[in-house]
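Because only heavy atoms are used, hydrogens play no part in the values below, and waters and symmetry mates are left out as well, while side chains stay in. Since the model is a prediction, treat every value here as computed from it, not as a measurement.
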Amino acid sequence: MIESWKYCPTCGAAVERKIPPGDDRVRHICTRDGEVFYFNPRVVVGCIAEHAGKILMCRRAIEPRSGFWTPPAGFLELGESAAQAGVRETREEAMAEVEIGELFTFVNVSHIGQIHMFYRATLKTPVFDAGPESAEVMLMDEADIPWQQLAFPTIYLTLQHYFADRKAGHFSLHDEDLQKDSWKHMKLDIKPEQPT
């Protein structure tokens with residue numbers, strides 16, 4: 001998703017959209033000084049945090065997809081590594097401390113300008129609670145995962161890979177390209193459950 005600006009955020013002059021010399025795509029360019037503005041993908045980072053064979057899951061209390069389930073995850077902040085973001089998001093959304101492991105899924109979501117990354121992690125202690133962005137947090141067995149109530153297709157793909165790899169006894173990195181109509185291919189009912 002490309003933003004469209006009318007005015008330069010630096011000087012307020014009009015902005016035009018054209019391909020700059022030496023480039024291969026349309027950019028936003030200040031008409032006063034020629035400054036080129038780039039819109040790059042946003043990075044979402046999360047953790048598949050495990051304890052005693054169960055996965056830490058959060059029911060979202062915010063939009064988008066309020067009422068749906070996801071492992072703790074959120075946008076990477078400037079000045080932090082992707083792994084640090086996974087630890088921070090777990091602390092913020094589930095009030096839990098994790099030992100970060102290896103990168104597990106890397107999902108390109110090009111149609112909305114995002115990249116989603118999930119790390120394997122373990123809970124340091126089975127202590128957790130709902131943070132401000134979560135309605136509830138719980139540890140779930142594979143059988144308890146609410147597959148039709150997952151917040152995003154990236155979560156569905158990540159958890160499918162996770163449980164398949166765990167069953168096989170070997171975890172590997174999964175690199176995916178998610179298409180715009182992914183929910184249709186997964187044939188999931190995406191109506192949220194009503195909070196109890």
Side-chain angles (χ1 to χ4, degrees), residues 40-62 64-65 68-110 112-179 182-183 186 188:
N40 302 107
R42 298 187 72 190
V43 180
V44 172
V45 184
C47 285
I48 307 301
E50 188 170 343
H51 177 76
K54 296 183 178 184
I55 301 300
L56 189 65
M57 296 289 287
C58 305
R59 187 196 292 263
R60 293 175 61 83
I62 59 169
R65 312 287 289 155
F68 289 85
W69 289 91
T70 179
F75 287 108
L76 177 71
E77 298 283 358
L78 292 174
E80 68 183 355
S81 70
Q84 288 169 335
V87 171
R88 176 184 53 77
E89 287 291 342
T90 304
R91 185 179 301 121
E92 290 176 1
E93 295 185 1
M95 301 177 75
E97 297 297 327
V98 293
E99 185 71 37
I100 199 82
E102 68 274 7
L103 181 62
F104 181 65
T105 54
F106 185 97
V107 185
N108 297 289
V109 195
S110 302
I112 59 170
Q114 294 181 3
I115 294 169
H116 292 202
M117 302 168 64
F118 281 87
Y119 285 85
R120 290 183 59 218
T122 55
L123 285 178
K124 290 182 178 179
T125 60
V127 175
F128 53 87
D129 200 357
E133 297 181 358
S134 301
E136 64 181 301
V137 177
M138 61 191 310
L139 286 169
M140 294 184 179
D141 283 313
E142 179 179 1
D144 298 327
I145 298 293
W147 294 102
Q148 295 187 346
Q149 302 301 320
L150 297 179
F152 307 104
T154 50
I155 303 308
Y156 180 87
L157 287 173
T158 295
L159 292 178
Q160 287 284 306
H161 286 310
Y162 188 87
F163 291 118
D165 282 10
R166 189 168 77 175
K167 185 176 181 179
H170 174 74
F171 289 95
S172 59
L173 176 62
H174 299 272
D175 188 341
E176 300 269 351
D177 291 317
L178 198 67
Q179 303 305 312
S182 296
W183 278 133
M186 294 174 194
L188 296 176

Can you name the nearest heavy-atom pair linking Tyr119 to Ala82, along with the distance? OH-CB, 3.4 Å
Output the distance between atom CD (Glu99) and atom CD (Glu50), rounded to the nearest 0.5 Å. 14.0 Å
For Arg88 and Gly74, indicate whether the former's side chain and the latter's backbone hold a donor-acceptor pair under 3.5 Å. no
Looking at side-chain heavy atoms only, is the closest gap between Trp69 and Met140 below 4.5 Å? yes
Taking the side chain as everything from C-beta on, heavy atoms only, tell me whether Glu89 gets closer than 4.5 Å to Val45. no
For Glu80 against Glu77, the heavy-atom pair lying closest together: OE2-N, 2.8 Å
CG of Leu173 to NE2 of His161: how many Å apart, nearest 0.5 Å? 10.0 Å
Nearest atoms (heavy-atom pairs only) where Ile100 meets Ala121: CA-CB, 4.2 Å
Note, Leu157 side chain near Thr105 side chain (heavy atom, < 4.5 Å): no
Side chain to side chain, Ile145 and Leu150, heavy atoms closer than 4.5 Å: yes
With a 4.5 Å limit on heavy-atom distance, are the side chains of Leu159 and Trp147 in contact? yes
Ignoring hydrogens and geometry, is there a side-chain-to-backbone donor-acceptor pair from Glu93 to Ala73 under 3.5 Å? yes
Within the 4.5 Å heavy-atom criterion, are Phe68 and Ile155 side-chain neighbours or not? no
Kindly compute the distance separating NE2 (His51) from CG (Leu56), expressed to the nearest 0.5 Å. 10.5 Å
Gap between atom CE of Met117 and atom CG of Asp175 - 0.5 Å precision: 10.5 Å
Is a donor on one side and an acceptor on the other found under 3.5 Å between the side chain of Arg60 and the backbone of Pro64? yes
Would you name the heavy atoms of Pro71 and Cys47 that are closest together and state the gap between them? CB-O, 3.3 Å
Nearest non-hydrogen partners of Ala96 and Phe128, listed with the distance: CB-CB, 4.0 Å
One should read off an interatomic distance between Phe171 CZ and Arg120 CZ, to the nearest 0.5 angstrom, of 4.0 Å
For the pair Thr154 and Thr70, evaluate side chain to side chain contact (heavy atoms under 4.5 Å, CB included) and give the outcome as yes or no after the intermediate values. CA-CA 10 Å; Thr154 50; Thr70 179; over 6 Å; no
Going through the distances and angles, do Lys167 and Glu142 end up as a salt bridge (charged side-chain N to carboxylate O under 4.0 Å, His left out)? CA-CA 11 Å; Lys167 185 176 181 179; Glu142 179 179 1; over 6 Å; no
Derivation and outcome, side chain to side chain contact (heavy atoms under 4.5 Å, CB included), residues Ile55 and Phe163: CA-CA 10 Å; Ile55 301 300; Phe163 291 118; 3.7 Å; yes
Working to the nearest 0.5 angstrom, can you tell me the gap between Ile115 CD1 and Ser110 OG? 7.5 Å
With distance as the sole criterion, is a donor-acceptor pair present between the side chains of His116 and Gln114 under 3.5 Å? yes
Would you indicate whether the side-chain heavy atoms of Met57 and Asp144 approach each other to under 4.5 Å? no
Side chain to side chain contact (heavy atoms under 4.5 Å, CB included) for Leu123 and Leu139? Distances and angles first, verdict last. CA-CA 10 Å; Leu123 285 178; Leu139 286 169; 3.9 Å; yes
